[in-house]
Every structure is written in structure tokens, then in C-alpha cells.
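To start, the structure under review is shown below, and the notes come after it.
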Amino acid sequence: DVPKLKERYKKKAVRLRYLDVVLNSLQQMRKYRHPRILKILEIAEKKPEIGFSSEPFDKFFSSQISDQHPMDVAYISYQVAEVLAFLSNEARIAYLGLIPSSVLLDDQLSVKLTQFQWSSTIDSLGNVTPSQTYEQLFGEFADVSAKAPEMLKKGSKITSAADVFLFGMFVFEAFTGHKFYDSDDPETILTTLATKHAQIKGESKIPADFLPLLSLCLSPDPDERPTITSILQHQAYQSMQLKSLRYIDIMLTKNPSDKFAFYKGLSKKIDEFSPSIQRIKLLPTLVNECIGDVRFAPVLLGAIFQISVK
């Protein structure tokens, strides 16, 4: 990647500053243990040929964004909200870098969050203290599409609500296929923000359940945005399908009788899941369950064949 880096940044000093951003991201990611954060195993920190090894992942969400079923977007965005809640409530940091390319997916649509270069600490009042990397390099290397309005105003106070706005922009783009901001110019963005916010309700590709949530998340006023925790509890994320997928994600903690009752109900609702979730998430789970305990076969074989013939 060194030739590509030289092509992108002609000056050596700029390349070295960019590598500082990358190294900071990797070092920050190693600090936090969460199943939705990409696990960094090793880092080679000698510039300019830095490198790292990580747990495996299947694809970048950004490469699939135009082909996502609304149910897939709901499931993926819920996982993103889960890890943002962990970072805000437990790690006490603001992520400040959510864009489609910062989200990786494994082979079962499970999220792996990356790009922690701008993460900064949150105090007890929810105010963000920008990190040294953020202070020195954010303006030079950060994407304008990954900035809440308050992040576009020099010297403006930043709170944990900035991550909520970025989450809203992420979900908006995932559903619609286009960015929330129409411009790369900060002044233009700020002067047209109220109009853009009012237009959210007219986006036909956003499911009706998500329109109120996105209107709140993308409020120009940080004080009017919901918390990450309340986002997880929002009605948009309470569908039968999403509850079922969350149950599958914690399946190892359930006893056989609970799982049997769950699978019995699930087998009658297979068609209510998106084709990709049926194929990528449900089918491997059901097959592995039958292999691990043949007592589940009478309940699951019908669903397995139903998915397989599509």
C-alpha cells in the first residue's frame, strides 16, 4: 500500500502524519474488548511500512451499501448502536468516526467496528475532551461527511450527542444509498442543515418506523438528540425479526428447552426475514444446531429445506 499512499499524499510529511492517524486507530482498538470491535492481534509500528494482523472479516459494509435489504440495514445498524453504547457508557469515549467504511462484516452479518483514530474521552457531564490526534489532525484527514454540525464549527463544544448524529447519518445513507450532506463545504452544510432535516420525512426508501428515529438523531440541536441507550430501545428496533436475530446472537447462553420453543416459532416465520439474512444468518445456525443436537431436527429441517430451495 506504500505506492498508493505516495500517490494519494505527495509530500512525505503529510504521509507520516497520516500514518500517525492510522497507528493511533490501531492502538485505540487494542484497548477495548467487545465482540463488535475488530480484534487487533499484532501491530508493526515502523513507518512507513506499518502493518497489523486482526481477526478475520468478510467484507466492508461500504462496498455493499447500495444492495442492502432494509431488514439487513436495521440489523447492522442495531449492532453499531450496541457498540456505540458500550463505548459511551462503559469505555467513556466518543467514537467520532462513524462512516460506512468504518464498519466491517463477518460471514454472518456481524459487525466489526474499525477506525478509532478520532476517539476521545467523555466526562461525567457528557462533554468530549478531544484527543491530541483529533486536535492536531482531524481537520486535515477527517471526511466532512463524518462530522456532526458542531464538529464543523471551530471551537464549538462537542458532546456524546455528536456520535448520535453520526449514527443518524450512517443509517440514513444505508437506507437511501446517498449521503445526508449534499455538500463538502462546511458553511454550505450548516446553512442548509435545517432544510435537509425537514426533508427526512420525504425519503421514500427509509422505513416508516425509522423516520421518527432519524429525525431525532439528525436534529441540528445536540440537546434534542436521543441517547445511544434510548436508540437501542426505540420502536424501530423492536420487530419480531430483530428480536429473533438478537436471540440467535446470544444463543449459547440459552438452555435446550428455551431454544426448542424459539425454533418452533421461528420455523413458521422464515419468510418474514430478508433473503440474505435467511441465507447468511439463519441457515448456518439451523444446520449447526441440528448437527450439534439431533433432537432439534424435527423442528428445523422444514425451515432448512425452505431456505435451501430458494
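What you see is a predicted model; the values in this text were computed from it and never measured. The residues of the chain are indexed from 1 along the displayed sequence.
Applying the side-chain contact (heavy atoms from CB on, under 4.5 Å) criterion to Lys12, with sequence neighbours excluded, gives Arg15, Leu16. Listed by chain and number, the residues in a side chain to side chain donor-acceptor pair (under 3.5 Å) with Glu140 are Arg17 (sequence neighbours excluded). For Glu272, the salt bridge (charged side-chain N to carboxylate O under 4.0 Å, His left out) partners at least two apart in sequence or on another chain are Lys269. Residues passing the side chain to side chain donor-acceptor pair (under 3.5 Å) test with Asn255, sequence neighbours excluded: Ser257, Asp258. With sequence neighbours left out, the salt bridge (charged side-chain N to carboxylate O under 4.0 Å, His left out) criterion links Asp182 to Lys196. Under the side-chain contact (heavy atoms from CB on, under 4.5 Å) criterion, Ser215 pairs with His197, not counting sequence neighbours. For Asp72, there are no salt bridge (charged side-chain N to carboxylate O under 4.0 Å, His left out) partners at least two apart in sequence or on another chain. The salt bridge (charged side-chain N to carboxylate O under 4.0 Å, His left out) check on Lys112 picks up Glu55, with sequence neighbours excluded.
The stretch residues 206-233 participates, sequence neighbours left out, in these ring-ring contact (aromatic ring centres under 6.0 Å, His included) pairs: Phe175-Phe210, Phe210-Tyr237. The ring-ring contact (aromatic ring centres under 6.0 Å, His included) pairs that include a residue from residues 117-136 are Trp118-Phe138, Tyr134-Phe138, where partners are two or more places apart or lie in different chains. Within the structure, every pair that satisfies the side chain to side chain donor-acceptor pair (under 3.5 Å) test and touches residues 285-297, not counting sequence neighbours, is listed here: Lys259-Glu289, Tyr263-Glu289, Asp293-Arg295.
Aromatic rings of Phe170 and Phe61 (six-membered ring for Trp) have centroids within the 6.0 Å cut-off, being under it.
A side-chain donor from one of Thr227 and Ser230 sits under 3.5 Å from a side-chain acceptor of the other.
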Sequence neighbours left out, cut at 3.5 Å: what donor-acceptor pairs do the side chains of residues 152-161 make with other protein atoms?
| unit_1 | atom_1 | unit_2 | atom_2 | d |
| --- | --- | --- | --- | --- |
| Thr159 | OG1 | Ala161 | N | 3.2 |

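The closest side-chain heavy-atom distance from Val83 to Tyr95 is not below 4.5 Å.
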